[in-house]
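Just below is one structure, and these are the notes that go with it.
Remember, it's 1-based here, ligands and their atoms both numbered in the order they're listed. Below, all heavy atoms of this structure are taken into account, side chains as well, without hydrogens, waters or symmetry copies. Residue indices begin at 1 and follow the sequence shown.
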Amino acid sequence: MINRTLSIKPTTEGVTFDRDISEILAPLESLRDCTCCPRDCHADRGSAQLGYCRSGMGFSIGSICAHRGEEPVITGKHGICNIFFTHCNMQCVYCQNWQISHNRQVVVEHKMELSEVVSRIEAILDAGSRSVGFVSPSHFIPQVRVIMSALRARGRKPVYVFNTSSYDKKATIESFDGEFDVYLPDLKYMDDRLAEAHSDTPGYSAVACAAIKEMFRQKGSSIWLDDDGLITSGLIIRHLVMPGQVENSKAVLRWIAHELSPSVHVSLMAQYRPTPRVAKSQKLGRYITPQEYDEVLEEFHHLGFYRGWVQELDAPENYTPDFVFDHPFER
Ligand code: SF4
């Protein structure tokens, strides 16, 4: 596997902030003793001794693009400006973003200055996007704070979306109260054996459920939309149905219905498709079947969910990104 750092066009001209830049960058200092996520590595990310996620103190980006593949209330006409960070604090063997997320095999990585990140985001906002989404940000929380602070210092007020696989500290989510407009967590597992086997995340269900409970405490069940039907505040919980794991999916839905509410907005996803890494796996090397999806849908309706989105079963091909391209989803 080639580790390739693509060159990027310098886009620093004209980016100035109405605050001292060292003040804006201050949150990065916490990465010298990193307890950013539940792994609590205490790594010095400013040194060569990196932690589990093998991420440093800078802005390591897979892509910044206007993404039109999210739920309709997020996508709208112009898409959401999504920031895809590289590496991850989970290591899902089936990850669709494997080119940027596998810690020891990152294929595409753009190391950007803050000014480059900001100017790319602003170009997308200027083209019509109203929201900024941080995708798999759990190991880059200080960088997320810096980017938000920089955009604020530039007078920008987009809708901020926290798009996470939910291996997050509850305390982190508590600290976001009033900062993030929209929470978009993926609740992947209630079965911790699966979480450990497929994502190397021990204790995932307790960690993720505590984080999502806190999101629910802040946002409740309702979502708020603007005049164009775009979300401005709220919580949407995603769940990806995986081959052979119907019981896990049902348990996830039961937890949401019983511990939160059946009036929560749920986005049920059928887009699982085997990546090259699991293509030959007996368990993960296939799509989900119509029977499996029907069984999960039956539970979804049985539990009384009535708000949200249910993906069509023919979705897989439409959602597979290729980060080698400038726009991973449109090529
Ligand atoms: S963010 Fe990375 S280095 Fe920090 S605690 Fe989590 S896995 Fe470890």
Practice problem: Mind telling me whether Y94 and H198 have parallel, tilted or perpendicular rings, with 30° and 60° as the class edges? | Solution: perpendicular
Quiz item: Are K77 and D228 ion-paired here, with the side-chain N under 4.0 Å from a carboxylate O?
Solution: no
Quiz item: Do D20 and S22 have side-chain N/O donor and acceptor atoms under 3.5 Å apart?
Solution: yes
Quiz item: Strictly under 4.0 Å, does any heavy atom of H87 approach an atom of ligand 1?
Solution: no
Quiz item: Can you find a side-chain donor-acceptor pair between N97 and S101 that sits under 3.5 Å?
Solution: no
Quiz item: Hey, are D33 and R45 close enough for a salt bridge, meaning a charged N less than 4.0 Å from a carboxylate O?
Solution: no
Quiz item: Which protein atoms of type N, O or S are found under 2.8 Å from atom 6 (Fe) of ligand 1?
Solution: C37 SG
Self-check item: Stepwise side chain to side chain donor-acceptor pair (under 3.5 Å) check, S199 with T201
Solution: CA-CA 5 Å; S199 299; T201 46; 4.6 Å; no
Quiz item: Do T86 side-chain atoms and I100 backbone N/O form a donor-acceptor pair below 3.5 Å?
Solution: no
Exercise. Among all protein heavy atoms, pick out the one at the shortest distance from atom 1 (S) of ligand 1; state its residue, atom name and that distance to 0.1 Å.
Key: R45 NH1, 3.3 Å
